[in-house]
There are 2 protein chains.
Amino acid sequence: MTDMQLDDRKIKIMQAIIRNYLETGEPVGSRTISKYTDLNLSSATIRNEMADLEEMGYILQPHTSAGRIPSDKGYRLYVDTMMEKKDKELEELKEVILEKEDKMDNLLKQVAKLLAVNTNYASMISAPAVHKNKIKFLQLSRVDKNQLLAVIVMEGNIIKNNILPVAEELDDETLLKLNILLNTHLSGLAPEEINLPMITRMKQQAGIHSTIVGDVVDALAEGIKEEEDLEIYTSGANNIFRYPELADQQKASELINTFEEKDKLTELVQDSLSDNNETGIQVYIGNETQIQSMQDCSVVTATYELGEGMRGTIGIIGPKRMDYDKVIGTLKTITHQLDELYNKKT
Amino acid sequence: MTDMQLDDRKIKIMQAIIRNYLETGEPVGSRTISKYTDLNLSSATIRNEMADLEEMGYILQPHTSAGRIPSDKGYRLYVDTMMEKKDKELEELKEVILEKEDKMDNLLKQVAKLLAVNTNYASMISAPAVHKNKIKFLQLSRVDKNQLLAVIVMEGNIIKNNILPVAEELDDETLLKLNILLNTHLSGLAPEEINLPMITRMKQQAGIHSTIVGDVVDALAEGIKEEEDLEIYTSGANNIFRYPELADQQKASELINTFEEKDKLTELVQDSLSDNNETGIQVYIGNETQIQSMQDCSVVTATYELGEGMRGTIGIIGPKRMDYDKVIGTLKTITHQLDELYNKKT
DNA sequence: GTTAGCACTCAACTTACTAGAGTGCTAACA
DNA sequence: TGTTAGCACTCTAGTAAGTTGAGTGCTAAC
């Protein structure tokens, strides 16, 4: 009972079950395996082994007289230890992505779409978070009598704008002074390095215009906060209809909703960003995501990095029987491409 | 045959059929109508009338022994002539929207969501197109040795940024001069008013820095172009699962795809913007949209206007048997709210 | 340890039947 | 002439019963 071992034969059978199920989506029976593998065993023997595997929790039966399907534990085994890595089709995507947009959000949308189309699963991508990113340059300009424009350029040329209302009209000279003040104090810093004493000092130096300094700092803070509930783009939601196990009305509706609302996806992205394994790739099977509506899905995420401190997440959402090999390969490719793209541009 | 008239009684019956069908979504039979109306007619008489209405094309039978459902022509009749206008529930939404975000895209997303939640249909909203909008203010600043930042502020405080690479480093004075040059020539103009002679003149005045002037103009042009393939936000896509007539896999998949891809929606928005009827409200029933995947849907659109020349479209997408009264009411409310919001903010 | 054989199970499909809602038509009525 | 009662007919949706086939577990023999 408890001393059962995952010996070599069991592993081979397990592999055969999963491979077959990934392809067909149907429960697989003993007879199929008996032919599918090179073990030359009869279906009866396979049946015995399968009974063991079931007891061990790697496979389960939808109903008494059906074949077996992998359990979450079974998929996990497969992903962790049994998958073949293939490092091909790097080339295929190469050109597509490189010619792309310079605007960040368009690029991300394109990538999401590219992924969805290539894999036939749904995809998501989170905009890189910039909280560790440094301020490169600040500028206040007068838009009209009682409005100032504050432009903040961060490392990696991420730009934030804010319109600030002002009570008194400022002359050019004051504006210039304020700009110099702000830049000498703030540029080169990451937002999290800006502390209260620093702000107080700046306000002192700004004299009667201290409120403006306050406003600029607020604008900065807001820019950061905005970045923190990260922007997520999704694509290929309708791909879920390709997989009967996800396509019934109830599930489809909930899934579509999850893609649209995005707040659940944010959790997922946060999680994936925080967990630092060496490859940057993570696989969530079924309930491992903690997202109710994704019980019957698997999610594969990868972290990409543009320069220092700017990390985002790409993810593929599909049925549990997704083609993990291919998905992981594709994600690796794309993250490499993004790296390359960034290095070329700066 | 051909001399059949839509007399009073037929209209009343027609109305009863549609009302009933809007509520239930089931084909309605003669007996139901005979009770539903105050006409005090037997089901047999109603049957005769219904046969007429069918011949005239206002209703149809899904199959021989079922009741009747309205045809597109029937819905059209209803929307054009028979609908009760109700101008209520203006109040209910009032507060929700006013406290909202200052960032345009967030506002639009919120509005889309508000609509979807309130109506239980899918919604879309297009960002206001700015092509007629005037340039308020331009500014070039030096980010580092070989990069300039061009900020363009348009009327209504719409801001565009562009990073320009430059070959030679510019000193502060030249930069100031260029800024003055650009602002004196361009501010106050709508992008379409900027013509070639004007550009040439500016380049002349800029002397050796004429390439920069060219770059700025390009950046402007690009900003406009970007605005022209209009941004559209959607919400409530999963609401389609509430209506069995849209919820089967095939249709749902296509619809979800249409919402996601958005290019088809763009056509719709274009159309709705170009057609100027006095109310700004338009109803597309079934094939009137020309969008294949929306054959079984109706779309109601409304145009909103923020200041001069900045018009966008809001739309509700639902089943043909949508509650047209309510939808039109809600759209009117929202467009008013948007107007108000704009007036308050400027 | 492996396998052939057999009884058993159960979802999925087919077929036949029933109920009920609705129609069109005819004939009678006011 | 318009309205209505009545009736035969149609067609979907739902139910029940039977059939098929893939698959299992178990036993006994190799």
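Numbers restart at 1 for each chain; the letters A, B, ... are given by sequence-line order, proteins then strands. Values reported hereafter were calculated over all heavy atoms of this structure, with side chains retained and with hydrogens, waters and symmetry mates removed.
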Between A:Y121 and A:D323, is a side chain to side chain contact (heavy atoms under 4.5 Å, CB included) present by the stated rule, with each step listed?
CA-CA 10 Å; A:Y121 304 120; A:D323 186 338; 3.8 Å; yes
If each of B:A44 and B:S65 is mapped to the nucleotide of DNA chain C with the nearest heavy atom, which maps nearer the 5' terminus, i.e. the 5' end?
B:S65
What is the separation between atom CG on B:D52 and atom P on C:dC25, rounded to the nearest whole Å?
12 Å
Ignoring the backbone of B:R47, work out which of C:dT23, D:dT12, D:dG25 is nearest its side chain.
C:dT23
I need the CG-C1' distance between A:N40 and C:dG1, as an integer number of Å.
15 Å
I want to check one thing: is the phosphate of D:dG2, taken as OP1 and OP2, less than 4.0 Å away from some side-chain N or O of B:T45?
no
Which is true for B:S30 with a 4.0 Å heavy-atom rule: it touches a base, it touches only sugar-phosphate, or it touches nothing?
sugar-phosphate
Using atom CZ of A:R31 as one end and atom P of D:dG25 as the other, report the distance to the nearest whole Å.
17 Å
Verify side chain to side chain contact (heavy atoms under 4.5 Å, CB included) between B:T313 and B:L268, making sure each step is shown before the conclusion.
CA-CA 9 Å; B:T313 294; B:L268 201 56; over 6 Å; no
Atom NE2 of B:H63 to atom C1' of C:dG20: distance rounded to whole Å?
11 Å
Looking at D:dG23, which nucleotide sits across from it as a Watson-Crick or G-U wobble partner, both distances under 3.5 angstrom, or is there none?
C:dC8
Going through the checks in order, is the side chain to side chain contact (heavy atoms under 4.5 Å, CB included) test met by A:L41 and A:R9?
CA-CA 10 Å; A:L41 292 172; A:R9 198 169 72 177; 3.5 Å; yes
Whole angstrom value for the distance that separates C1' of C:dG22 from CD1 of B:I33:
13 Å
DNA chain D nearest-nucleotide lookup for B:E49 and A:N48: closer to the 5′ end is B:E49
What's the CD1-C1' distance between B:I69 and C:dA21, to the nearest Å?
16 Å
Looking at D:dC11, which nucleotide sits across from it as a Watson-Crick or G-U wobble partner, both distances under 3.5 angstrom, or is there none?
C:dG20
To the nearest angstrom, how far is B:E26 atom CD from C:dG20 atom P?
17 Å
Hey, is the side chain of B:T64 poking within less than 4.0 Å of OP1 or OP2 on D:dC11, counting only N and O atoms?
yes
Do the side chains of B:I328 and B:M83 get nearer than 4.5 Å, heavy atoms only?
yes
Residues B:E261, A:K113: salt bridge by 4.0 Å N-O rule:
yes
Between CE of B:M50 and C1' of C:dT23 the distance, given in whole Å, is 10 Å
Would you say C:dT2 has OP1 or OP2 under 4.0 Å from some side-chain N or O of A:R9?
yes
Using a cut-off of less than 4.0 Å, is there contact between a side-chain N or O of A:R68 and OP1 or OP2 of D:dG25?
yes
